[in-house]
Q: 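Let me give you the structure first, and then I'll get to my questions.
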Amino acid sequence: MTDTKPRFRFAPSPTGYLHIGGARTAFYNYLLARKWGGTFILRIEDTDLERSTPESIQAILDSMKWLGLEWDEGPYFQTQRFEIYNQHIEKLILEKKAYPCFCTPQELEAKRKQAHAEKRKPIYDRTCFKLSESEVQKRKTEAPYCIRFHSPDEGDIVVHDVIKGDVRTASRELDDLIIRRADGSPTYNLTVVVDDVTMGITHVIRGDDHLNNTPRQIQLYQAFGYPLPIFAHVPMILGADKQRLSKRHGATSVMAYQEMGYLKEALLNYLVRLGWSFKDQEVFTREEMIEKFSLEAVSPSAGIFNPEKLLWLNGVYIRQSQPDYLADLTLPFLEKKGITPVDPKILLEGIKISQEKVKTLVEMVEMIDFFFVKNRPDEKLILKFFTEETKPWIKEVIEGLKNLTPWNHDSIASVFNDSVQKSGLGLGKIAQPFRVGLTGRTISPGIFDVIRILGKEKTAERMSLYL
RNA sequence: GCUCCCAUAGUCUAGCGGUUAGGACGUCGCCCUCUCACGGCGAAAACACGGGUUCAAAUCCCGUUGGGAGCGCCA
């Protein structure tokens with residue numbers, strides 16, 4: 001490698017949303033770019049005109065932005081670089097390293113089927129490579145044709161992978177891949193090599209589903225006489241059934257996690273630790289990740305996505321976040337539920353007393369929505385907690401709160417405790433009716449804080465409905 | 001089917017020839033307690049199997065088994 005700054009890229013194909021596996025790969029690239037003062041490049045691999053959509057491009061960009069994975073260059077689009085690819089293809093043709101192929105997709109499919117039936121690896125038989133020059137010229141005029149790279153047969157190709165180690169493949173296993181379709185568009189293995197070279201990529205970090213492609217790409221690098229980048233293939237993320245992660249396993253898109261009330265910091269922390277570790281540390285600030293992340297410490301084996309651990313981590317992050325930060329994040333969730341207007345001071349207070357009780361922003365909303373709207377409890381709950389036994393004491397507490405000064409957590413608590421003393425009932429007996437009456441639920445933040453924030457009037461007003 | 005990759009508790013992992021195999025999530029129990037959480041204490045739970053190499057193997061080598069990926073005019 002030269003002494004220039006390292007350059008990394010994330011190169012998704014816009015055929016769907018950004019999933020968490022892609023996000024992790026992007027993050028690893030981002031982390032190293034930041035760690036080494038390098039450049040993080042975003043490249044959209046949209047050469048599949050059939051399946052690429054503008055919506056997917058937008059979804060990917062939105063996800064990257066939400067996660068805070070700012071790229072330094074791009075996004076580049078492969079569809080805007082056809083000229084560069086064609087120059088490279090022409091060069092290969094000129095040097096007899098690539099040749100036209102006239103086989104139809106149907107013919108190729110038949111050959112594949114036969115190979116499979118004979119338990120052979122389906123490898124192109126070079127029918128068109130063997131054509132005579134005159135035959136080639138004649139056929140060229142008859143129908144559109146594709147271009148194949150003539151793959152060398154001798155020796156082994158070795159990928160020096162930072163994560164997987166040396167991976168050796170016999171050149172014989174690699175067949176003559178199509179580098180330009182009959183419609184003139186270049187194919188993946190060609191574009192990725194040309195782009196990585198012309199964009200000066202020094203480190204190719206991608207999913208290990210690309211490991212098998214790497215030897216073919218190395219042949220292309222060699223055919224062009226280009227130096228190799230450093231390769232690192234990060235293992236897949238699997239579902240609980242060890243199958244490749246898909247919709248069946250629940251949410252896989254990055255934005256789905258945002259909608260479920262996850263913090264980007266937690267998602268990223270979970271993702272970085274899935275497949276990588278630093279001693280026994282579980283929680284990292286972004287600065288720590290940048291400082292401590294290394295490819296050498298990435299595990300070579302696939303990881304199973306564990307939603308429970310992500311949820312736990314999200315709770316950790318919610319607990320340690322600044323309340324005003326959480327307030328900014330929570331407000332849209334409240335609005336989405338039609339809860340408006342929201343007094344920002346109440347929101348902040350509500351968050352402060354709920355942070356340690358919730359694990360997502362969605363749960364946060366459930367925990368504090370009663371501050372802004374009246375929740376009518378189930379009749380069953382009213383019957384259960386507002387009994388002939390408790391009602392007198394509930395009334396006494398309300399009476400005690402009426403002229404209470406100062407108005408704070410401890411003074412409110414002492415009103416309750418007085419009644420507990422006199423009644424001989426447990427605090428739960430008296431506090432729980434307040435919880436149900438004020439919040440509409442049996443689960444809520446501490447009741448003294450609830451009353452404190454809700455205020456005398458609302459407390460008395462809501463409780464009176466059930467007495 | 002062929003080629004490649006992978007293999008420590010249910011899950012993520014530490015370990016890089018000599019450890020009572022460590023941590024985290026989850027699970028279970030106890031404590032704390034106005035609910036729910038948080039927090040504290042404790043428990044159960046792993047080196048896939050078989051051969052080597054070595055005084056010594058979770059660690060190195062080979063095989064088996066299991067899992068994953070690739071084998072497209074997809075990326």
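Here the structure is a predicted model, which is why all the values come from computation and not from measurement. In the text below, chain A, chain B and the rest are named by the order of the sequence lines, each starting its count at 1.
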Q: Rounded to the Å, how far apart are A:Gln432 CD and B:U35 P?
A: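 Rounded to the whole Å, the gap is 7 Å.
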Q: For nucleotides B:A56 and B:G10, find the distance between their P atoms and express it as a whole number of Å.
A: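 Those two atoms are separated by 30 Å.
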Q: Find the distance A:Tyr317:OH to B:C25:P and express it as a whole number of Å.
A: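 Whole-Å distance recorded here is 14 Å.
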Q: Judged by modelled atom types alone, do A:Ser171 and A:Asp153 share a side-chain donor-acceptor pair under 3.5 Å?
A: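 Note: A:Ser171 and A:Asp153 side chains miss the donor-acceptor criterion.
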Q: When rounded to the nearest Å, what value does the distance between C1' atoms of B:G17 and B:C5 take?
A: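 Their C1' atoms lie roughly 26 Å apart.
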Q: Could you measure between the two P atoms, the one in B:C61 and the one in B:C6, and give it in whole Å?
A: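 B:C61 and B:C6 have their P atoms separated by 11 Å.
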Q: If we ignore angles and hydrogens, is there a donor and acceptor under 3.5 Å between the side chains of A:Tyr28 and A:His203?
A: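 No, no side-chain donor-acceptor contact under 3.5 Å.
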Q: Roughly, in whole Å, what's the span from CG in A:Leu310 to P in B:A24?
A: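 Taking atom P of B:A24 as the reference, CG of A:Leu310 is at 19 Å.
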Q: Of all the choices, B:G68, B:C36, B:G26, which nucleotide is nearest to the side chain of A:Leu238 once you look at every atom?
A: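 Of the candidates, B:G68 comes closest.
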Q: P atom, B:U13 versus B:C73: distance in rounded Å?
A: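 B:U13 and B:C73 have their P atoms separated by 35 Å.
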Q: Of all the nucleotides listed (B:A69, B:C73, B:C36), which has the minimum atom distance to the side chain of A:Arg244?
A: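 It is B:A69.
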Q: Can you confirm whether the side chains of A:Ser185 and A:Tyr85 place a donor and an acceptor under 3.5 Å from each other?
A: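 No donor-acceptor contact under 3.5 Å links the two side chains.
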Q: Does a side chain donor of either A:Arg180 or A:Asn86 reach within less than 3.5 Å of an acceptor in the other side chain?
A: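 Per modelled atom types, A:Arg180 and A:Asn86 side chains form a pair under 3.5 Å.
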Q: Would A:Trp276 and A:Phe284 count as a close aromatic pair, with their ring centres under 6.0 Å?
A: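 That pair passes the under 6.0 Å test.
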Q: Please give the nucleotide sitting opposite B:G39 as a Watson-Crick or G-U wobble pair, both distances under 3.5 Å, or none.
A: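 Paired with B:G39, as far as the under-3.5 Å criterion goes, is B:C31.
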Q: I'd like to know if A:Asp209 reaches the base of B:A75 with its side chain such that a donor and an acceptor end up less than 3.5 angstrom apart.
A: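 Absent.
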Q: Which one, B:A37, B:C73, B:G70, comes nearest to the side chain of A:Glu356?
A: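 Looking only at heavy atoms from C-beta outward on A:Glu356, the closest nucleotide is B:A37.
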Q: Whole angstrom is fine here: how far is it from CH2 in A:Trp312 over to P in B:G39?
A: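 A:Trp312 atom CH2 is separated from B:G39 atom P by 9 Å.
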Q: Kindly indicate whether the side chain of A:Asp196, heavy atoms from C-beta on, has any atom under 4.5 Å from the side chain of A:Val193.
A: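 They are not in side-chain contact.
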Q: What does B:G10 pair with, Watson-Crick or G-U, if both distances are under 3.5 Å?
A: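 Looking at the geometry, B:G10 pairs with B:C25.
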Q: Any strand counts, and the cut-off is 3.5 Å on both contacts for Watson-Crick or G-U wobble. Which nucleotide pairs with B:C49?
A: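 B:C49 is paired, partner B:G63.
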Q: For the residue pair A:Arg81 and A:Gln78, confirm or rule out a side-chain donor-acceptor distance under 3.5 Å.
A: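 On atom types as modelled, these side chains do not qualify, holding no pair under 3.5 Å.
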Q: Taking the six-membered ring where the residue is Trp, are the ring centres of A:Phe448 and A:Phe416 under 6.0 Å apart?
A: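 For A:Phe448 and A:Phe416, the ring centres are under 6.0 Å apart.
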Q: B:C25 P sits how many Å from A:Lys359 NZ, rounded?
A: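 Going from NZ in A:Lys359 over to P in B:C25 covers 11 Å.
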Q: Taking N or O atoms only and anything under 3.5 Å, show me the protein contacts with nucleotides 3-5 of chain B, one pair per line.
A:
from, atom 1, to, atom 2, distance (Å)
B:C5, O2', A:Lys164, NZ, 2.7

Q: Quick one, which residues of residues 366-374 of chain A touch RNA chain B with a heavy atom under 4.0 Å?
A: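 Those residues whose heavy atoms fall under 4.0 Å from RNA chain B, taken from residues 366-374 of chain A, amount to none.
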Q: Looking just at side-chain N and O atoms, do A:Gln432 and A:Lys384 make a donor-acceptor pair shorter than 3.5 Å?
A: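 A:Lys384 and A:Gln432 do not have a side-chain donor-acceptor pair below 3.5 Å.
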Q: What does A:Asn213 touch in the nucleic acid at a heavy-atom separation under 4.0 angstrom: a base, only the sugar-phosphate, or nothing?
A: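 Base: the residue A:Asn213, judged by heavy atoms under 4.0 Å, touches a nucleobase.
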Q: If you draw the axis of the six-membered ring of A:Tyr124, does the NZ or CZ of A:Arg148 fall within 45° of it and under 6.0 Å from the ring centre?
A: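 Because its charged atom sits under 6.0 Å from the ring centre and within 45° of the axis, A:Arg148 does stack over A:Tyr124.
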Q: With a 3.5 Å limit on both atom pairs, tell me what B:U3 is paired to, counting Watson-Crick and G-U wobble, or say none.
A: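 Paired with B:A69.
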Q: Provide the distance between the two C1' atoms, one in B:C28 and one in B:A45, to the nearest whole Å.
A: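 B:C28 and B:A45 have their C1' atoms separated by 11 Å.
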Q: Please work out if A:His210 contacts a base, only the sugar-phosphate, or nothing of the nucleic acid, heavy-atom cut-off 4.0 Å.
A: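 Base contact.
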Q: Please report the distance separating the C1' of B:C47 from the corresponding atom of B:G66, rounded so that it comes out in whole Å.
A: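 Between the two C1' atoms, the distance is 16 Å.
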Q: A:Gln114 has an atom CD; how far is it from atom P of B:C2, in whole Å?
A: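 Between P of B:C2 and CD of A:Gln114: 18 Å.
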Q: Please report, rounded to the nearest Å, how far the P atom of B:A75 is from the NE2 atom of A:His19.
A: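 So the NE2-P distance, A:His19 to B:A75, works out to 16 Å.
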Q: Would you call A:Asp175 and A:Arg126 a salt bridge, taking side-chain N to carboxylate O under 4.0 Å as the test?
A: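 No, no charged N to carboxylate O under 4.0 Å.
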Q: Say you pick atom P in B:C12 and the same atom in B:G1; how far apart are they, in whole Å?
A: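 Those two atoms are separated by 26 Å.
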Q: Quick one: does A:Leu238's side chain get under 4.5 Å of A:Phe305's, heavy atoms only?
A: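 Side chain of A:Leu238 against side chain of A:Phe305, heavy atoms only: no contact under 4.5 Å found.
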Q: Please state how far atom NZ in A:Lys357 lies from atom C1' in B:A37, giving the value in whole angstrom units.
A: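 So the two atoms are 5 Å apart, to the nearest Å.
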Q: Are there any protein N/O atoms within less than 3.5 Å of an N/O atom in nucleotides 12-14 of chain B, and if so, which ones and at what distance?
A:
from, atom 1, to, atom 2, distance (Å)
B:C12, OP1, A:Ile304, N, 3.1
B:C12, O2', A:Arg273, O, 3.0
B:U13, OP1, A:Gly275, N, 2.8
B:U13, O3', A:Ser277, OG, 3.1
B:A14, OP1, A:Ser277, OG, 3.2

Q: If only side-chain N and O atoms of A:Arg112 are considered, is one of them under 4.0 Å from the OP1 or OP2 phosphate oxygen of B:G72?
A: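 Checking B:G72 against A:Arg112, a side-chain N or O does come within under 4.0 Å of OP1 or OP2.
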Q: Sticking with atom C1', work out how far B:A14 lies from B:A9, rounded to a whole angstrom.
A: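 Roughly 14 Å separates the two C1' atoms.
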Q: How do A:Tyr145 and A:Gln243 order along RNA chain B: which one's closest nucleotide is nearer the 5' end?
A: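 Whichever sits nearer the 5' end wins; that is A:Gln243.
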Q: My understanding is that a pair needs two contacts under 3.5 Å, Watson-Crick or G-U wobble. By that rule, which nucleotide pairs with B:U54?
A: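 Result: none.
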Q: Does the base of B:C38 carry an N or O that pairs as donor and acceptor with the side chain of A:Arg319 under 3.5 Å?
A: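 Between B:C38 and A:Arg319, which were checked side chain against base, a qualifying N/O pair under 3.5 Å is absent.
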Q: What is the nucleic acid contact for A:Cys103, judged by heavy atoms within less than 4.0 Å: base, sugar-phosphate only, or nothing?
A: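 Base, at least one base atom sits under 4.0 Å.
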Q: Ring-plane angle category for A:Phe129 and A:His150, please: parallel below 30°, perpendicular beyond 60°, tilted otherwise.
A: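 Aromatic pair A:Phe129/A:His150 classed parallel.
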Q: Measuring to OP1 and OP2 of B:A75, would you say a side-chain N or O of A:Thr47 lies under 4.0 angstrom away?
A: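 So the side chain of A:Thr47 is within the cut-off, an N or O lying under 4.0 Å from OP1 or OP2 of B:A75.
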Q: Scan A:Phe434 against the nucleic acid and name what it touches under 4.0 Å (heavy atoms): base, sugar-phosphate only, or nothing.
A: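 Nothing: the residue A:Phe434, judged by heavy atoms under 4.0 Å, touches no strand.
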Q: Determine which nucleotide pairs with B:U19, using a 3.5 Å limit on both distances of a Watson-Crick or G-U wobble pair.
A: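 For B:U19, the partner nucleotide comes out as none, under the 3.5 Å rule.
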Q: Have a look at A:Pro445 and say if it touches a base, only the backbone sugar-phosphate, or nothing, with a 4.0 Å heavy-atom cut-off.
A: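 Base, at least one base heavy atom under 4.0 Å.
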Q: Mind checking whether A:His210 and A:Tyr188 have ring centres under 6.0 Å apart?
A: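 Centroid distance A:His210-A:Tyr188: below 6.0 Å, so yes.
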Q: Tell me, with the steps shown, if A:Phe386 and A:Tyr466 meet ring pair (Phe, Tyr, Trp, His ring centres under 6.0 Å).
A: CA-CA 7 Å; A:Phe386 293 82; A:Tyr466 314 110; 5.5 Å; yes
